[in-house]
**Student:** 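Please see the structure below; I have some questions.
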Amino acid sequence: MEQEKTTWKEFIENISVLQWVLTFLIMGISCTILMLYLIFTSLWLLSVLYFIWMVIDWDTPERGGRRSDWIRNWSVWKHIRDYYPVTLVKTAELSPSKNFVLGYHPHGIMCAGAFSCFSTEGAGFSAAFPGIQSHLATLAGLFRLPLYRDYLMSSGMIPVSKPSLEFVLSRSGTGHAVVIVVGGAAESLNCTPGLNVLVMRERKGFVRLALEYGADLVPVYSFGENEIFDQLVFSEGSLARSVQKLFQRLVGFAPCLFHGQRWGLLPYRTPITTVVGKPIPVPQVSCPSQETVEQYHQLYMEALETLFHTYKTRCGLSDTHELQII
């Protein structure tokens with residue numbers, strides 16, 4: 001029987017998740033404003049020295065980043081894991097003698113499952129997959145923001161840019177798993193409880209990348225990711241939807257109108273189960289043809305659908321739930 005949480009434990013979990021949400025929403029812009037503000041104060045030298053260091057260190061994010069196992073093992077990540085809770089499910093071994101491209105689905109609002117499972121040790125990734133280093137890929141522009149870039153790199157995150165992904169898969173040896181949220185910002189606009197809509201039919205770059213470097217493809221589905229926030233979803237063709245898509249094209253992410261519980265910022269305590277599927281063997285083809293890319297993309301979609309239908313009832317969905325791929 002599951003032990004009931006104490007009031008203190010629930011409070012710690014709430015504070016831990018709240019800081020994570022605020023970090024996601026405002027830390028980047030807050031750090032930028034702070035460093036610019038300090039230039040006009042008596043502490044101007046701190047900003048100048050940091051910006052000099054940032055220029056020197058400019059290419060580090062695209063060269064594997066600068067992960068910190070100490071930060072990845074902070075207790076706060078375990079409190080975030082317990083809040084929902086987040087569970088990492090292993091269905092097959094990932095060999096340290098290979099590299100992997102993990103496709104993560106769905107995006108959700110904040111990729112809570114992806115962050116907990118692949119950017120921290122809260123869900124026990126290293127224990128489940130010994131010898132494998134996970135690298136969650138996110139917007140490249142975030143690594144141009146002062147201080148925030150260092151925070152992201154410390155968790156093992158890297159830019160979702162081709163040079164960055166190629167570096168990890170080609171110059172860092174084996175035992176690396178690049179995690180790409182395939183649907184991206186476009187998918188977040190369809191994120192709402194009860195729906196399982198993936199943007200993937202025309203997203204084939206991750207398959208081409210896997211072929212070019214002989215990295216096995218691994219489908220990952222995170223059940224519950226869409227359930228932790230309610231979102232106001234605008235209909236296709238509406239002015240609001242057009243504004244969201246324009247913003248997405250300009251800056252790389254889409255502004256979503258969402259809310260949870262307590263002040264609207266805390267997500268709902270809905271279990272998130274992140275299921276890592278079986279690797280799809282991929283040959284190394286330096287210049288894969290479009291036909292080959294299509295072939296492995298189809299294999300990947302079929303494996304993902306099988307994964308979804310195999311685990312949906314175990315993860316709280318009814319047998320009638322369907323996966324829609326657009």
Side-chain angles (χ1 to χ4, degrees), residues 8-9 11-28 30-32 34-35 46 49-51 53-54 56-88 90 94 96 99-100 102 104 110-140 142-160 164-165 167-169 171-179 181 220 272 274 276:
W8 175 248
K9 171 62 173 170
F11 173 75
I12 293 298
E13 289 175 5
N14 288 343
I15 293 299
S16 298
V17 171
L18 181 60
Q19 68 80 26
W20 172 73
V21 171
L22 292 177
T23 295
F24 182 91
L25 294 176
I26 65 173
M27 184 176 176
S30 297
C31 287
T32 303
L34 173 64
M35 296 304 287
L46 291 177
L49 290 176
Y50 179 83
F51 283 125
W53 157 250
M54 186 172 168
I56 296 172
D57 195 54
W58 191 257
D59 293 330
T60 296
E62 294 193 334
R63 293 177 179 171
R66 190 168 45 243
R67 69 194 290 126
S68 166
D69 290 335
W70 174 65
I71 291 178
R72 285 174 59 93
N73 281 282
W74 278 354
S75 295
V76 65
W77 312 132
K78 294 179 175 61
H79 293 306
I80 292 175
R81 173 202 63 196
D82 295 341
Y83 176 90
Y84 298 98
V86 177
T87 304
L88 178 66
K90 171 185 177 180
L94 299 184
N99 284 328
F100 303 90
L102 276 61
Y104 181 88
M110 296 185 183
C111 300
F115 180 81
S116 292
C117 292
F118 304 115
S119 286
T120 80
E121 291 299 330
F125 180 86
S126 292
F129 300 101
I132 302 293
Q133 276 196 356
S134 59
H135 307 264
L136 178 60
T138 189
L139 289 175
L142 298 180
F143 294 88
R144 303 312 181 200
L145 302 179
L147 299 179
Y148 192 47
R149 67 192 291 275
D150 301 287
Y151 177 80
L152 295 178
M153 284 193 289
S154 70
S155 68
M157 288 191 189
I158 59 174
V160 65
S164 170
L165 300 174
F167 185 94
V168 173
L169 294 176
R171 301 188 188 180
S172 302
T174 58
H176 294 276
V178 170
V179 185
V181 185
V220 180
I272 298 174
T274 302
V276 180

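All values below were derived from every heavy atom in this structure, side-chain atoms included, with hydrogens, water molecules and symmetry-related copies excluded.
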**Student:** Locate the shortest heavy-atom distance separating Thr32 from Pro146; write the atom from each residue and the value.
**Tutor:** OG1-CD, 3.5 Å
**Student:** Looking only at non-hydrogen atoms, find the nearest pair between Pro130 and Ala127 and report the distance.
**Tutor:** CD-O, 3.7 Å
**Student:** With the side chain counted from C-beta on, respond yes when Ile15 and Gln19 share a heavy-atom pair under 4.5 Å apart, and no when they do not.
**Tutor:** no
**Student:** Quick one: do Cys117 and Val86 satisfy side-chain contact (heavy atoms from CB on, under 4.5 Å)? Show the steps, please.
**Tutor:** CA-CA 8 Å; Cys117 292; Val86 177; 3.7 Å; yes
**Student:** Can you find a heavy atom in the side chain of Phe115 that is under 4.5 Å from one in the side chain of Met157?
**Tutor:** yes
**Student:** Testing the basics here: between Gly175 and Asn99, what is the closest heavy-atom pair and its distance to 0.1 Å?
**Tutor:** N-OD1, 3.2 Å
**Student:** Are any side-chain N or O atoms of Trp20 and backbone N or O atoms of Trp77, one a donor and one an acceptor, separated by less than 3.5 Å?
**Tutor:** no
**Student:** Donor-acceptor pair, distance only, cut-off 3.5 Å: does the side chain of Arg149 make one with the backbone of Gly28?
**Tutor:** no
**Student:** Does the plane of the ring in His135 sit parallel, tilted or perpendicular to the ring in His176? Use 30° and 60° as the thresholds.
**Tutor:** tilted
**Student:** Between atom CG of Asn73 and atom OG1 of Thr120, what is the distance when rounded to the nearest 0.5 Å?
**Tutor:** 8.5 Å
**Student:** So, Thr174 side chain and Pro96 main chain: donor-acceptor pair closer than 3.5 Å or not?
**Tutor:** yes
**Student:** Is the shortest heavy-atom distance from the side chain of Leu136 to the side chain of Tyr104 under 4.5 Å?
**Tutor:** no
**Student:** For residues Thr23 and Tyr148, determine if any side-chain heavy atom of one lies less than 4.5 Å from a side-chain heavy atom of the other.
**Tutor:** yes
**Student:** Check the surroundings of atom CZ in Arg66: do more than 12 heavy atoms from other residues, nucleotides or ligands lie under 6.0 Å from it?
**Tutor:** yes
**Student:** Between atom OG of Ser126 and atom CD of Gln133, what is the distance when rounded to the nearest 0.5 Å?
**Tutor:** 8.0 Å
**Student:** To the nearest 0.5 angstrom, please state how far the NZ atom of Lys90 sits from the OG1 atom of Thr274.
**Tutor:** 15.5 Å
**Student:** Side chains of Val181 and Thr138: does their closest heavy-atom pair fall under 4.5 Å?
**Tutor:** no
**Student:** Decide yes or no on side-chain contact (heavy atoms from CB on, under 4.5 Å) for Asp59 and Phe167, but give the supporting numbers first.
**Tutor:** CA-CA 11 Å; Asp59 293 330; Phe167 185 94; over 6 Å; no
**Student:** Rounded at 0.5 Å granularity, tell me how far CG in Asn14 sits from CD1 in Ile80.
**Tutor:** 11.5 Å
**Student:** Within the 4.5 Å heavy-atom criterion, are Val179 and Val220 side-chain neighbours or not?
**Tutor:** no
**Student:** Of all the heavy-atom pairs spanning Val168 and Gly64, show the shortest one and how long it is.
**Tutor:** CG2-CA, 4.3 Å
**Student:** At what distance, to the nearest 0.5 angstrom, does CG of Asp150 lie from CH2 of Trp53?
**Tutor:** 8.0 Å
**Student:** Taking all non-hydrogen atoms of both residues, which atom of Arg72 and which atom of Ser154 are closest, and how far apart?
**Tutor:** CG-O, 4.0 Å
**Student:** Using only atom types and a distance under 3.5 Å, with no angle test, would you say the side chain of Ser155 pairs donor to acceptor with the backbone of Leu152?
**Tutor:** yes
**Student:** Can you give me the closest heavy-atom contact between Phe51 and Met35, atom names plus distance?
**Tutor:** CZ-CB, 3.8 Å
**Student:** How about Glu121 and Asp69: do any of their side-chain heavy atoms sit closer than 4.5 Å?
**Tutor:** no
**Student:** How about Pro159 and Glu62: do any of their side-chain heavy atoms sit closer than 4.5 Å?
**Tutor:** yes
**Student:** Measure the CD1-CZ distance between Ile132 and Phe118 for me, rounded to the nearest 0.5 Å.
**Tutor:** 12.0 Å
